[in-house]
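Just below is one structure, and these are the notes that go with it.
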Amino acid sequence: MALRLIPYIVLNGTAGEAISFYEGALGAEVLFKQTFGEMPENPEFPLPAEAKNRIGHATIRVGETELMFSDTFPGQPHQLGDQVTICISTDNKEQSHKIFDALQEGGQVIMPLQETFFSPAYGNVKDKFGITFQIYTNNHCME
């Protein structure tokens, strides 16, 4: 069972600029970058034009460490201090559920753990200490 903790930076429309900055300043290598406009469309939630070029998800490598990024969706609240979260990545759905359930005790569920187009079990939870965690189950996991 693999388990990794990855810093996740959420910016308000400047993630692409930050990634370029870290490429130059830290010699970062872009491993993955996708805008909201490049993601699969959801007919129930049409994508506003101002969201299309914002970063939906990106991963860069600096040395041996990965950092993940995204932009907020237009109109989504963004508060300084909330832009860094921790992504817990696992390859086991059962482990993801166990971690999510433990972290939500005394905390607040931001997005319930659920199947998404990019993960069989993904959700966001703020623990009782105010730390936000993203629980990500790798697409290649076994049930």
Side-chain angles (χ1 to χ4, degrees), residues 1-42 44-141:
M1 226 178 324
L3 179 67
R4 294 177 46 199
L5 301 180
I6 303 167
Y8 200 112
I9 300 169
V10 179
L11 298 170
N12 192 17
T14 57
E17 181 182 342
I19 291 166
S20 294
F21 175 77
Y22 295 132
E23 282 180 287
L26 303 175
E29 173 190 359
V30 176
L31 302 178
F32 179 85
K33 184 166 67 170
Q34 184 177 53
T35 64
F36 284 114
E38 294 169 330
M39 291 180 169
E41 288 186 46
N42 182 343
E44 294 179 30
F45 300 101
L47 190 65
E50 64 269 22
K52 290 186 182 196
N53 292 324
R54 286 185 175 220
I55 301 297
H57 179 72
T59 303
I60 66 172
R61 182 177 17 235
V62 179
E64 295 182 23
T65 303
E66 290 181 7
L67 292 173
M68 293 182 176
F69 290 83
S70 70
D71 279 314
T72 56
F73 203 75
Q76 182 182 7
H78 183 264
Q79 181 175 328
L80 288 179
D82 285 346
Q83 66 267 41
V84 178
T85 64
I86 298 172
C87 180
I88 299 176
S89 176
T90 179
D91 60 358
N92 182 287
K93 269 173 74 170
E94 186 177 297
Q95 184 180 31
S96 292
H97 281 278
K98 184 177 178 182
I99 292 168
F100 190 88
D101 291 345
L103 289 173
Q104 73 176 329
E105 282 188 38
Q108 173 190 1
V109 173
I110 298 167
M111 177 184 171
L113 194 67
Q114 60 191 298
E115 185 173 342
T116 65
F117 77 89
F118 57 86
S119 173
Y122 174 82
N124 294 310
V125 62
K126 187 175 283 193
D127 73 9
K128 63 183 176 183
F129 303 104
I131 307 301
T132 301
F133 291 88
Q134 298 180 50
I135 311 303
Y136 168 73
T137 311
N138 189 309
N139 269 328
H140 308 291
C141 76

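Position 1 is the first residue of the sequence; numbering continues from there.
- Once rounded to the nearest 0.5 Å, the distance linking CD of Glu38 with NZ of Lys52 reads 12.0 Å.
- The closest side-chain donor-acceptor pair between Tyr122 and Gln114, if any, does not fall under 3.5 angstrom.
- At a threshold of 4.5 Å between non-hydrogen side-chain atoms, the residues Ile55 and Phe36 do not count as touching.
- No more than 12 heavy atoms of other residues, nucleotides or ligands sit less than 6.0 Å from atom CD of Glu41.
- With values rounded to the nearest 0.5 angstrom, Ile86 atom CD1 is found 10.5 Å from Gln134 atom CD.
- No side-chain N or O of Thr85 forms a donor-acceptor pair with one of Thr132 less than 3.5 Å apart.
- Counted within 6.0 Å of CZ on Phe117, heavy atoms from surrounding residues, nucleotides or ligands total more than 12; the atom is thus considered enclosed.
- Within a 6.0 Å sphere centred on CG of Asn53, heavy atoms belonging to other residues, nucleotides or ligands number 12 at most.
- Atoms CD1 and CE, from Ile60 and Met68 in turn, are 11.0 Å apart once rounded to the nearest 0.5 Å.
- Interatomic distance, CG of Asn124 versus OH of Tyr136, reported as 13.5 Å (0.5 Å rounding).
- A heavy-atom distance below 4.5 Å is not found between the side chains of Gln108 and Val125.
- Closest of all the heavy-atom pairs between Thr137 and Ala121 is OG1-O, 2.7 Å.
- For the atom pair CG of Asn92 and NE2 of His97, the computed distance is 9.5 Å after rounding to the nearest 0.5 Å.
- Residues Glu66 and Arg4 are paired through a salt bridge, judged by an N-O separation under 4.0 Å between the basic side chain and the carboxylate.
- For Asn138 (side chain) and Thr90 (main-chain N/O), no donor-acceptor pair under 3.5 Å exists by modelled atom type.
- Between Ile135 and Leu103 the shortest side-chain heavy-atom distance falls below 4.5 Å.
- Within a 6.0 Å radius of CD in Glu17, other residues, nucleotides and ligands contribute 12 heavy atoms or fewer.
- No donor-acceptor pair closer than 3.5 Å links the side chain of Glu105 to the backbone N or O of Ala102.
- Atom CG of Leu47 is separated from atom CE of Met39 by 9.5 Å, given to the nearest 0.5 angstrom.
- Residues Ile99 and Leu3 are in side-chain contact: their nearest non-hydrogen atoms beyond the backbone lie under 4.5 Å apart.
- Contact between Phe100 and Gly123 at its shortest, heavy atoms only, is CE1-C, 3.9 Å.
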Could you tabulate the donor-acceptor pairs under 3.5 Å formed by side-chain atoms of residues 6-16, not counting sequence neighbours?
residue : atom : partner : partner atom : Å
Tyr8    : OH   : His57   : ND1          : 2.9
Tyr8    : OH   : Phe69   : O            : 3.4
Asn12   : OD1  : Arg54   : NH1          : 3.3
Asn12   : OD1  : Thr72   : OG1          : 2.8

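- In this structure, Glu94 places its CD atom where only 12 or fewer heavy-atom neighbours from other residues, nucleotides or ligands lie under 6.0 Å away.
- Heavy-atom contacts from other residues, nucleotides or ligands closer than 6.0 Å to CZ of Phe21 number 12 or fewer.
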